[in-house]
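Only heavy atoms go into these numbers, but all of them, side chains included; no hydrogens, no water, no symmetry mates. Here the structure is a predicted model, which means the values were calculated and not measured. In what follows, chains are A, B, ... by sequence order, proteins preceding strands, each numbered from 1.
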Amino acid sequence: MKTLTYAQAVCEALDEEMAKDDKVVLLGEDVAFLGGNFKTSVGLYEKYGDLRVKDTPISEAGFTGLAIGMALTGLRPVVELMFSDFLLVAADQVINQAAKIRYMSGGQANVPMVIRTPIGAGRSSAAQHSQSMQAMVSHFPGLKVVVPSNAAEVKGLLKTAIRDNDPVIFFEHKMEYNKKFEIPDIVEPIPFGKARIAREGKDITIVATSSLVMKSEEAAEKLEKEGISVEVIDLRTIVPFDKETVINSVKKTGKLVIADESYERCGVAAEIAAEIFDEVFYYLDAPIGRVSTPNVPLPFSPALEFPIIPSVDRIYNKIKELI
Amino acid sequence: MKTLTYAQAVCEALDEEMAKDDKVVLLGEDVAFLGGNFKTSVGLYEKYGDLRVKDTPISEAGFTGLAIGMALTGLRPVVELMFSDFLLVAADQVINQAAKIRYMSGGQANVPMVIRTPIGAGRSSAAQHSQSMQAMVSHFPGLKVVVPSNAAEVKGLLKTAIRDNDPVIFFEHKMEYNKKFEIPDIVEPIPFGKARIAREGKDITIVATSSLVMKSEEAAEKLEKEGISVEVIDLRTIVPFDKETVINSVKKTGKLVIADESYERCGVAAEIAAEIFDEVFYYLDAPIGRVSTPNVPLPFSPALEFPIIPSVDRIYNKIKELI
Amino acid sequence: MKVKEYSKKQLTEFYETMYRMRRFEEEVFEFYKQGLMPGLAHLYMGEEAIATGVCAALKNDDYIGSTHRGHGHLVARGADIKRMMAEILGKKDGYSKGKGGSMHIMALDKGILGANGIVGAEIPIATGAAFSIKYRGTDQVAISFFGEAASNQGTFHESLNMASAWKLPVVYIIENNLYGISVDIRDVANVVDIADRASAYGIPGVVVNGMDVTEVYETAKKAIDRAREGEGPTLIECKTYRWQGHHVGDPATYRARKDVDEKEKWMKKCPVKCLKEAAAIYKKISKKEFDQIEAKIEEEIQEAVQFAKENPYPDVQESYTDVFE
Amino acid sequence: MKVKEYSKKQLTEFYETMYRMRRFEEEVFEFYKQGLMPGLAHLYMGEEAIATGVCAALKNDDYIGSTHRGHGHLVARGADIKRMMAEILGKKDGYSKGKGGSMHIMALDKGILGANGIVGAEIPIATGAAFSIKYRGTDQVAISFFGEAASNQGTFHESLNMASAWKLPVVYIIENNLYGISVDIRDVANVVDIADRASAYGIPGVVVNGMDVTEVYETAKKAIDRAREGEGPTLIECKTYRWQGHHVGDPATYRARKDVDEKEKWMKKCPVKCLKEAAAIYKKISKKEFDQIEAKIEEEIQEAVQFAKENPYPDVQESYTDVFE
Ligand SMILES: Cc1ncc(C[n+]2csc(CCOP(=O)(O)OP(=O)(O)O)c2C)c(N)n1
Ligand SMILES: Cc1ncc(C[n+]2csc(CCOP(=O)(O)OP(=O)(O)O)c2C)c(N)n1
Ligand SMILES: [Mg+2]
Ligand SMILES: [Mg+2]
């Protein structure tokens with residue numbers, strides 16, 4: 001085991017995959033000389049050079065499209081979008097192009113690219129730099145959507161993402177970048193579509209994504225002291241969705257809370273609830289709870305931002321409400 | 001009463017609002033000289049001239065942003081995006097800008113603009129011209145989202161949209177444009193956030209949007225002959241959502257199907273189900289059914305496209321499954 | 001037309017390619033008129049010299065980014081017209097198994113990275129192929145075809161900026177047929193020659209007569225050679241005209257508004273006919289040889305039409321495949 | 001610096017505005033260092049001559065599209081620095097009730113249509129304000145400020161294309177400070193002067209010394225007058241330098257890589273200091289008068305600092321308001 005920040009874990013995954021496969025190319029704004037706005041590619045430019053670690057102009061649609069062309073012709077580009085909000089600038093390339101090319105070509109072509117991009121509020125970054133875009137991209141068929149929790153997970157899942165032959169949207173959580181985690185010396189790729197039971201429990205299930213896994217574990221710890229046993233599932237990937245693990249857990253506990261930081265309306269929590277509904281309908285003892293970002297743009301002032309972010313307290317309270 | 005196509009009803013709403021308020025300006029690709037790709041602005045260029053009916057270059061992000069600037073400075077632009085799939089080209093302007101400006105400015109400014117754009121599959125237009133984007137825009141706070149059903153509805157709701165002081169995404173259904181409808185000689189604006197009971201029933205509720213209202217009515221008619229009484233709710237607006245009408249109906253019928261043409265995953269049907277769940281949980285006799293577009297890009301060949309589009313049959317079958 | 005300096009072989013190839021495009025699309029138009037075609041198609045008729053001239057300067061392993069008006073690019077690359085037609089009819093053995101249709105025919109084996117239904121979206125993708133080439137260090141080149149109206153899209157600017165900053169081996173070909181659907185380029189842009197936009201990126205910009213296959217070929221060849229030698233991108237604007245409506249269902253009545261004879265004037269410059277006449281004048285190809293060429297192509301075309309018509313629709317389960325690996 | 005031809009009043013105004021900006025931001029930087037500021041802010045220090053010169057040529061009812069680096073634009077328009085500071089600290093009486101922060105200060109009463117967190121997104125919005133003006137037929141003008149890196153964004157191209165095609169009354173001001181965060185413009189664009197991009201739209205493009213308030217003023221005035229007279233847009237590139245890091249938390253060590261003295265050289269051209277010196281040489285403003293100006297501004301600034309610090313945070317319920325009417 002060793003201690004790493006989450007950002008370092010990202011960087012290690014990039015480094016190891018680039019060392020292993022010279023088709024892997026990193027591009028994005030400030031990824032090269034600066035080593036990434038969140039320091040997730042420090043040292044890679046020096047190690048792999050200008051053609052493999054490329055600072056781009058501010059042209060999100062352009063360089064995302066560029067990466068698609070690279071992916072169609074033999075490379076495995078990893079694109080960094082500095083904030084996941086900028087997916088909206090590149091949305092056509094991501095959703096109308098990358099996601100649909102395999103299908104539109106009848107399987108002739110595929111687009112092995114990864115878009116890495118940070119989500120999450122909590123830094124007073126206001127409405128255009130704080131969003132969590134996983135629901136938006138999950139809505140559109142053709143994209144795999146990864147929402148890793150801790151540093152070991154981010155490393156293992158990023159390796160899988162880079163080796164995957166389809167476009168993968170890989171969401172890192174910006175509030176985790178500087179946090180330290182214990183991680184194994186060697187982290188193997190973690191398969192997509194297999195959720196992780198982060199904590200076993202029997203009274204209620206929480207399905208959580210990204211940093212809300214850690215927050216759910218914290219809430220579970222508190223609740224344990226009150227005699228409530230919470231099962232925490234780290235979803236890992238929204239697409240593909242590990243329906244089985246979730247259903248089995250809910251059948252066992254009879255209660256479900258879903259914690260995901262995208263906006264509530266048409267969000268990830270709504271989807272998971274609706275998706276498993278048929279199969280758990282007769283097992284449920286209470287309505288399904290959602291802990292998401294409320295349907296308002298994210299405010300700048302911490303006085304406004306903190307109360308609305310999905311937090312340990314909000315998870316805790318939602319569970320208490322359903323128990 | 002008179003007979004009009006749905007496209008003509010759109011055109012009448014535009015004409016009447018432009019005549020009433022000279023701040024209303026229409027812009028988009030081919031809206032002027034051609035009268036709109038789907039003939040929804042025929043004659044307006046001739047009537048209102050070059051500055052009020054403006055053919056734009058192919059620059060969706062640019063002219064959507066242009067409209068925002070117009071709206072911030074006293075005009076009421078109505079933008080046409082030729083296909084709703086192109087919302088992805090303009091996504092940043094729609095979602096990071098128009099939707100958030102009122103909030104980011106602390107209420108100093110507002111953006112009274114309408115984006116009109118067609119949704120829907122069924123014309124063999126393939127993966128980039130057949131999508132239904134209402135779930136995507138509904139996900140993001142700050143946008144009102146309108147999904148009118150028939151010609152009278154499209155006319156009344158478009159008038160409201162144009163008079164609204166917030167950005168409105170107005171989805172027309174491309175398979176309806178050429179269909180004829182009976183509509184009253186005078187159509188008043190229809191308030192947002194108030195669903196319409198299109199057909200009363202007692203055994204099961206269908207909440208439907210856009211052209212699926214008509215398809216649901218057709219399915220209901222068939223089912224009536226089999227002794228099943230279906231209540232069809234025309235949702236009219238996804239944002240704001242008329243929770244009350246839906247909940248009251250479900251409390252009465254005990255069963256719910258939601259029919260909306262956006263992709264199923266993180267779609268409108270998922271949201272409605274999740275949103276009312278708490279309040280109908282103890283009234284529901286069956287799981288909630290969703291009829292949406294399955295999670296695949298839309299195929300070109302009619303042999304592939306027709307079976308997956310939400311259809312009368314799919315609605316009919318879903319109801320039979322739950323009854 | 002500088003046919004004089006060209007070999008018979010080269011001229012024959014030009015002619016065959018253009019004639020094949022023309023006949024191909026006449027049949028596609030027939031499909032539409034007979035109600036056999038699902039959806040629509042955007043015909044390249046009148047613009048044949050462009051794809052023909054450009055692609056004649058390419059090698060087998062070069063790449064092409066194509067558009068909604070892409071039939072010509074495919075034919076010029078020698079794509080299988082049977083599979084193209086099958087695709088246009090939504091049939092099982094179409095290039096994309098019927099999933100793409102006219103606007104999304106991909107032929108990866110011919111370097112065609114895809115037609116594209118989103119105007120301007122293909123430009124960065126073709127540019128990315130050029131990045132790959134540079135990365136691998138081969139002497140391939142990427143071509144990005146698009147219309148004059150697409151040059152108003154942000155992706156045009158972003159792509160040319162990147163390609164010029166990084167000297168990528170890509171050649172941008174503007175097919176300037178004056179209109180984007182009904183919109184006259186002069187009403188939505190303030191430059192007479194779109195090629196002038198090259199100066200915003202410090203690259204060469206050239207205007208050519210897009211109705212003259214030899215002029216297109218020579219200009220493209222120079223730009224392509226330049227790209228192969230690592231000197232970066234070129235922007236070539238080909239002046240041309242779309243004979244038909246924007247798509248098969250568009251009567252295009254809007255075009256007469258500035259000049260009633262506009263279409264007629266352009267049709268006189270028919271690239272197929274002009275080449276034929278010039279080749280005859282210079283006695284490069286005899287009447288009989290032309291007849292043979294045309295007959296051979298006619299046979300191919302009829303075979304393709306029959307193939308496409310008889311080919312079955314894809315199995316309904318195919319809707320659900322090819323989303324992911 | 002052509003101070004000789006300027007009146008004392010005009011020079012005093014220039015100086016006051018630039019000095020106010022400078023002091024304002026020094027205090028903002030202090031907020032950050034003292035841990036009082038939520039999030040970050042992008043300082044305009046070093047670039048003051050640009051907003052000052054441009055805005056001096058404006059009338060009260062003109063419009064401005066601003067950027068993430070927008071404090072200077074606001075101060076130049078006479079925005080209330082108390083409310084600006086309150087906003088930067090996320091307080092209740094900030095321009096946006098604390099909802100926007102440094103990057104989203106809107107002051108509609110001063111024609112400021114918003115700072116913007118999305119690089120390039122404001123360009124079409126400001127262009128739309130120009131469309132409104134043309135529609136109403138007034139003689140207003142819209143200014144769009146943005147960085148050299150933003151000129152690589154597609155919205156730049158689309159906006160300049162529309163504005164030139166329709167002769168909209170808008171002036172585009174590039175604040176070329178050489179860097180977009182850490183990225184040197186020379187590595188991601190192939191033109192020496194971004195102003196050259198004007199030729200892609202058939203409009204004038206001008207390069208000016210962005211450290212010289214009089215040069216900026218005169219060039220802007222000409223372009224603004226031209227726009228008011230219905231002759232369409234101009235692209236002005238102001239060569240300048242960002243003194244601090246990209247934002248308050250950025251040490252900006254990356255900049256020394258090409259020229260270790262780069263920053264030092266640019267700091268010597270400090271627009272505030274240079275104007276002061278020139279005005280002294282030409283005896284336009286006396287030492288005592290400068291002292292008075294500075295003292296007056298110092299008072300304003302201290303008042304604003306105190307106001308912002310003491311102003312309460314918004315009520316928690318405010319999170320849920322201002323989404324819709
Ligand atoms: C992003 C986008 N906007 C609009 C359209 C609709 N559309 C399809 S082709 C076309 C005109 C394109 O004109 P041009 O680029 O000149 O090519 P041409 O059709 O003339 O060959 C338009 C507006 C589209 N498909 N994609
Ligand atoms: C669409 C988008 N991409 C990237 C960013 C991150 N970002 C903020 S400012 C900036 C650099 C902008 O450079 P420039 O336009 O030159 O303005 P400057 O900061 O130098 O004043 C970047 C990359 C952003 N905010 N928006
Ligand atoms: Mg054209
Ligand atoms: Mg800069």
Next item on the list: Find the one option among Arg102(A), Arg265(A), Glu60(A) whose heavy-atom pairs under 4.5 Å with chain B are most numerous.
Entry: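 Most pairs with chain B among the choices: Arg265(A).
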Report yes if the side chains of [X] and [Y] come closer than 4.5 Å at any heavy-atom pair, otherwise no.
| X | Y | value |
| --- | --- | --- |
| His139(B) | His139(A) | no |
| Phe140(A) | Gln131(B) | yes |
| Glu275(B) | Arg290(A) | yes |
| Pro297(A) | Met104(B) | no |

Next item on the list: Mark yes or no for whether Asp85(B), through its side chain, and Asn96(A), through its backbone, hold a donor-acceptor pair below 3.5 Å.
Entry: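 Pair absent, no side-chain N/O of Asp85(B) close to backbone of Asn96(A).
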[X] versus chain A, the contacting section by heavy-atom distance below 4.5 Å:
| X | result |
| --- | --- |
| Tyr103(B) | side chain |
| Leu284(B) | both |
| Glu264(B) | both |
| Val239(B) | side chain |

Mind listing the closest non-hydrogen atom pair of [X] and [Y] along with its distance?
| X | Y | value |
| --- | --- | --- |
| Ala286(A) | Tyr282(B) | CA-OH, 4.4 Å |
| Phe277(A) | Pro287(B) | CE2-CA, 3.8 Å |
| Glu271(B) | Ala270(A) | OE1-CB, 3.7 Å |

Margin query: I need the residue from Leu87(B), Ile95(B), Val94(B) with the largest number of non-hydrogen atom pairs under 4.5 Å to chain A.
Written below: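 Option with the greatest count: Ile95(B).
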Next item on the list: Under 4.5 Å, counting heavy-atom pairs only, tell me which of Ala273(B), Ala127(B), Ala61(B) racks up the most with chain A.
Entry: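 Top option by heavy-atom pairs under 4.5 Å: Ala127(B).
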Output the distance between atom [atom1] ([X]) and atom [atom2] ([Y]), rounded to the nearest 0.5 Å.
| X | Y | atom1 | atom2 | answer |
| --- | --- | --- | --- | --- |
| Asp278(A) | Glu321(B) | CG | CD | 7.5 Å |
| Phe241(B) | Asn295(A) | CZ | CG | 12.0 Å |
| Ile288(B) | Phe281(A) | CD1 | CZ | 8.0 Å |
| Cys266(B) | Ile272(A) | SG | CD1 | 8.0 Å |
| Lys100(B) | Leu298(A) | NZ | CG | 8.0 Å |

Margin query: Given heavy-atom pairs under 4.5 angstrom as the criterion, report whether the side chain, backbone, both or neither of Ala135(A) touches chain B.
Written below: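 Both parts, backbone and side chain.
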